[in-house]
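Here is the structure we will look at, set down as structure tokens.
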Amino acid sequence: MEWTKLFRSRGKGNADISGSYNFRCLSDTVTTSGVVGAERLSRLAEDGYSALINLLPDDSQHAVPDEKALVTGQGLRYVYIPVDWDAPARDDFDAFCAAMDTLDGGKVHIHCAANFRVSAFYGLYAAGRGTWSWQEAEANIRSLWNPEEFPAWKSLIDSVRAET
């Protein structure tokens, strides 16, 4: 898959976060996406967000330079959990759950490169906490990608799901 070409061809339009690649509004307080861009991040506070969780490693070609400063400079909480696409770890998921559990009920945006990492982590989190059914979690993930095509992700998803 030619990621760079894919990202350039999609996710354009809105200057706010909703114009981000593979944007999803999951509730009144949770939105998710892939690549965001500095301009969209600079409007988070204006758009009512209180936190951002970034699952995209800083060394990704799609990372926003100085993302933390851009977000915290608006007075928002910034959580950085760099999830290796090829080796997602249970510790990463646990850190994500801890971050989500400490949010104050304000509006949060969660992003990575394509909304694949995010959809898996948020789906597992929401189903594990009883916010979503497992069917809803799976439907959200599969609306974006197929974990069966990525064995490391399938294994992590299956492992977390078996524990709950």
Side-chain angles (χ1 to χ4, degrees), residues 1-26 30-47 49-100 103 107-126 137-138 140-160:
M1 181 179 318
E2 176 66 42
W3 288 102
T4 305
K5 191 179 295 181
L6 181 66
F7 289 135
R8 286 186 189 136
S9 67
R10 299 185 59 188
K12 295 185 177 181
N14 297 340
D16 66 9
I17 203 71
S18 68
S20 299
Y21 180 71
N22 276 341
F23 178 84
R24 299 288 190 272
C25 181
L26 303 180
V30 178
T31 60
T32 66
S33 75
V35 173
V36 289
E39 181 181 355
R40 290 185 176 105
L41 287 177
S42 70
R43 295 185 50 177
L44 288 174
E46 178 183 325
D47 293 338
Y49 287 87
S50 61
L52 180 119
I53 299 176
N54 176 10
L55 303 184
L56 182 63
D58 284 339
D59 62 359
S60 167
Q61 66 180 354
H62 305 293
V64 174
D66 301 317
E67 181 171 324
K68 180 179 181 178
L70 185 59
V71 172
T72 60
Q74 299 172 70
L76 278 66
R77 180 172 173 210
Y78 179 79
V79 178
Y80 175 62
I81 307 167
V83 179
D84 181 344
W85 173 254
D86 295 321
R90 178 58 192 252
D91 287 347
D92 296 332
F93 175 68
D94 291 343
F96 176 80
C97 291
M100 290 297 295
L103 294 176
K107 196 171 176 183
V108 62
H109 184 74
I110 312 161
H111 85 89
C112 59
N115 204 354
F116 294 2
R117 292 171 181 92
V118 174
S119 64
F121 275 21
Y122 187 78
L124 291 168
Y125 173 80
E138 186 172 329
N140 182 58
I141 293 167
R142 290 184 178 280
S143 74
L144 295 160
W145 65 295
N146 181 359
E148 277 78 24
E149 296 175 7
F150 304 93
W153 282 93
K154 171 100 171 82
S155 177
L156 176 68
I157 291 167
D158 290 348
S159 172
V160 171

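Along the sequence shown, residues are numbered consecutively beginning with 1. Heavy atoms only: backbone and side chains are in, while hydrogens, waters and symmetry mates are out.
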Self-check item: Qualifying salt bridge (charged side-chain N to carboxylate O under 4.0 Å, His left out) pairs, either residue in residues 85-99, two or more places apart
Solution: Arg90-Asp94, Arg90-Glu163
Practice problem: Check whether the side chains of His109 and Ser33 place a donor and an acceptor atom closer than 3.5 Å, and report yes or no. | Solution: yes
Quiz item: Would you say the side-chain atoms of Asn54 and Tyr78 include a donor-acceptor pair closer than 3.5 Å?
Solution: yes
Self-check item: Within the 6.0 Å centroid threshold, strictly below: Trp153 and Phe116
Solution: no
Practice problem: Carefully, step by step, assess Tyr21 and His111 under the rule side-chain contact (heavy atoms from CB on, under 4.5 Å). | Solution: CA-CA 10 Å; Tyr21 180 71; His111 85 89; over 6 Å; no
Could you list the residues that satisfy salt bridge (Lys or Arg N to Asp or Glu O under 4.0 Å) with [X], not counting sequence neighbours?
| X | result |
| --- | --- |
| Asp84 | none |
| Glu67 | none |
| Glu149 | none |
| Lys154 | Glu148, Asp158 |

Any idea which heavy atoms bring [X] and [Y] closest together, and the distance?
| X | Y | result |
| --- | --- | --- |
| Ala114 | Asn22 | O-ND2, 2.8 Å |
| Val35 | Ser20 | O-CB, 3.3 Å |
| Trp145 | Asn115 | NE1-O, 4.5 Å |
| Leu144 | Arg24 | CD2-NH2, 3.0 Å |
| Ile141 | Ser119 | CG1-O, 3.4 Å |
| Ala137 | Gly123 | CB-O, 3.4 Å |

Considering only heavy atoms from C-beta outward, does the side chain of [X] approach that of [Y] to under 4.5 Å?
| X | Y | value |
| --- | --- | --- |
| Thr31 | Phe23 | yes |
| Ser143 | Glu138 | no |
| Leu124 | Ile157 | yes |

Quiz item: Can Leu70 and Ser42 be said to form a side-chain contact (heavy atoms from CB on, under 4.5 Å), step by step?
Solution: CA-CA 6 Å; Leu70 185 59; Ser42 70; 4.0 Å; yes
Exercise. Answer yes or no: are there more than 12 heavy-atom neighbours, outside Asp66 itself, under 6.0 Å from its atom CG?
Key: no
Looking at [Y], is its backbone amide N or carbonyl O close enough to the side chain of [X] to form a donor-acceptor pair, meaning the two atoms are under 3.5 Å apart?
| X | Y | answer |
| --- | --- | --- |
| Thr72 | Lys68 | yes |
| Tyr122 | Leu26 | no |
| Arg77 | Ser50 | no |

Quiz item: Should the pair Lys107 and Tyr49 be classed as cation-pi, given the thresholds of under 6.0 Å to the six-membered ring centre and 45° from the axis?
Solution: yes
Quiz prompt | Aromatic plane relationship, Trp85 with Phe150 - under 30° parallel, 30 to 60° tilted, over 60° perpendicular | solution = perpendicular
What distance separates [X] [atom1] from [Y] [atom2], expressed to the nearest 0.5 Å?
| X | Y | atom1 | atom2 | result |
| --- | --- | --- | --- | --- |
| Cys25 | Ile17 | SG | CD1 | 12.0 Å |
| Tyr125 | Ile110 | OH | CD1 | 9.0 Å |
| Ile81 | Phe121 | CD1 | CZ | 7.5 Å |

Exercise. Start with the C-alpha gap between Leu52 and Val108, add the side-chain angles, then the distance that decides, and say whether side-chain contact (heavy atoms from CB on, under 4.5 Å) holds.
Key: CA-CA 5 Å; Leu52 180 119; Val108 62; 5.9 Å; no
Practice problem: Using the test side-chain contact (heavy atoms from CB on, under 4.5 Å), find all partners of Ala45 that sit at least two apart in sequence or belong to another chain. | Solution: Gln74, Leu76
